[in-house]
Protein chains: 2
Amino acid sequence: MAGRRGQATRQKLLDCLSDMLSSSPYRDVRVIDVARKAGTSPATFYQYFPDVEGAVLELAERMVKDGGRLTDLVSGRSWTGKAGARAAEELVDGFLAFWRENDAILRVVDLAAAEGDKRFTKLRTKLLTPVTGTLADAVREQQAKGRVDQGVSPAAVAGSLVTMLTGVAGHQKGFSAWGAKQADIKPALTLLVHLTVTGRKPAR
Amino acid sequence: MAGRRGQATRQKLLDCLSDMLSSSPYRDVRVIDVARKAGTSPATFYQYFPDVEGAVLELAERMVKDGGRLTDLVSGRSWTGKAGARAAEELVDGFLAFWRENDAILRVVDLAAAEGDKRFTKLRTKLLTPVTGTLADAVREQQAKGRVDQGVSPAAVAGSLVTMLTGVAGHQKGFSAWGAKQADIKPALTLLVHLTVTGRKPAR
DNA sequence: CGGTAAGCTGACGACATGACAGGAACAGTT
DNA sequence: AACTGTTCCTGTCATGTCGTCAGCTTACCG
């Protein structure tokens, strides 16, 4: 259902929309601006997308696809000893990097999900499920060893950790206000993740 | 700079705006709808506020003032033994309650802050500083006792915890997707907070 | 080179924005 | 009750965006 030229303009529109999301508040992103930036007209935009939100949804879908990278950060890792310390560190690192690369679209996804839009909630879940699931498994495993409180839900703990990572990634700037330097954040998160998953401080 | 009647309509406009924020996406909140709902005209709205964002800013300011309640959740608490367990529990409880009561406006504040709007970043900081600061003090104290890793920044740890609380409060619904029941969330957060601040599992 | 389908846009009605001036409601005075 | 000055509200207007056509342009293929 698409020709070669059509694909190109469609893609260009998405690119320009992505730029606009980075440079101006979501509330102020107008179809006409996106179209102008893409060197085309609003009518063309509406040929490919129902509205701004529809186009954003597609950007989000692509971002989620690319988000498979997040899975590699947790799959097949050991959480014991030095390897555990590295696992926590790399998880935090990877998460922050991914968020930095996609902050504009992730902001919008977070908002729409919080507002209850099912399509975006679903996408957000899809993006985070691999990480949360694997983390939950790790917690369950450590529970069996008696290192983590048995009475607590692994899914809830893992979800909370992941939510912390997403939240911190999105509000890093705010941290400076209460006297935490940029470089302090990663070690703090790493400690928190490791401590929660394993019940122990990370080995050096 | 205001008469009695004027105050009333101004307030009514704010109330209606607050309702609109709860019931429809921020992006779609229009001046004309707010005015209509308040039984008045757009011109009246513009007499009191520069635009929707300006009115939202005022809503946010009032919410932050009311947010002094959050301070009581952390000030003058002991983090040792059973009292520590209760401190963590009540902090989580209070936070979730506050977020549930103000979710609509907090969503917008979070978005605007993430987008880099200084006015909103400042408000968000103001709201969270008492909690973060006090938590950071608690962490510092436990560091002195050798229970928490010395090499980590108390402010960064406290900030991460608070960000986790805000994030989870805003995305509670999403948790069900990965098999965590609503009732599982509070215990998980409580454990996390206590474990991180004190380095120990909470006493029963 | 001509025909066909795909892709683009000018133009339009509907509606939101933001500004103003004039009219309505009010409070206090006589 | 009538008068008067102030405060407050709204009708109206110019401007600009939204979302939709019909119709024009471009690319492709025989």
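Note that the structure is predicted; figures quoted are calculated from it, not measured.
Aromatic ring pairs are classed by plane angle as parallel below 30°, tilted from 30° to 60° and perpendicular above 60°; the pair A:Phe49 and A:Phe45 is tilted.
Between D:dC9 and B:Thr44, no contact under 4.0 Å exists linking OP1 or OP2 to a side-chain N or O. Within the structure, every side-chain polar atom (N or O) of A:Tyr46 is placed at least 4.0 Å from both OP1 and OP2 of D:dT20.
The number of heavy-atom neighbours closer than 6.0 Å to CZ of B:Arg119, taken from other residues, nucleotides and ligands shown, is above 12.
The pair A:Lys65-A:Glu61 fails the salt-bridge criterion, with no side-chain N (NZ, NE, NH1 or NH2) lying under 4.0 Å from an Asp/Glu carboxylate O. A:Glu89 has no carboxylate O lying under 4.0 Å from a charged side-chain N of A:Lys82, or vice versa, which leaves the two without a salt bridge. The existence of a salt bridge linking A:Arg69 and A:Asp72 is excluded, since no basic side-chain nitrogen approaches an acidic carboxylate oxygen closer than 4.0 Å.
Take the nearest nucleotide of DNA chain D for A:Asp33 and for A:Pro42: the residue whose nucleotide is more 5' is A:Asp33.
For B:Phe49 and C:dT17, the CZ to C1' distance is 17 Å, given to the nearest whole Å. Taking atom CD on A:Gln47 and atom P on D:dA22, their separation rounds to 14 Å, with Å as the unit. Remark: P of D:dC18 and CG of B:Asp28 are 12 Å apart, rounded to the nearest angstrom. Distance B:Arg27 CZ to D:dC18 C1': 11 Å, rounded to the nearest Å. Computed from coordinates, the B:Ile32 CD1 to C:dA14 P distance equals 15 Å when rounded to whole Å. Per the geometry, CZ belonging to A:Arg36 stands 13 Å off P belonging to C:dT9, to the nearest Å. When the P atom of D:dT17 is taken as reference, atom NZ of A:Lys37 falls 16 Å away, rounded to whole Å. Distance CE (A:Met20) to P (D:dT17): 11 Å, rounded to an integer number of Å.
The residue B:Tyr48 sits close only to the backbone: its heavy atoms come under 4.0 Å of sugar-phosphate atoms, none of a base. The residue B:Phe45 sits apart from the nucleic acid: no heavy atom pair falls under 4.0 Å.
For residues 3-10 of chain A, proximity to DNA chain D is found at A:Arg4, A:Arg5, defined as any non-hydrogen atom under 4.0 angstrom from a strand atom.
Under the side chain to side chain contact (heavy atoms under 4.5 Å, CB included) rule, A:Leu189 has a single partner from A:Asp93, A:Asp184, A:Val92, A:Leu91, which is A:Val92.
Seen from the ring of B:Tyr26, A:Arg27 counts as a face-on cation partner, given the 6.0 Å and 45° thresholds.
Minimum atom distance to the side chain of B:Ala43 is reached by C:dA19, of the listed C:dA19, C:dG18, D:dC18.
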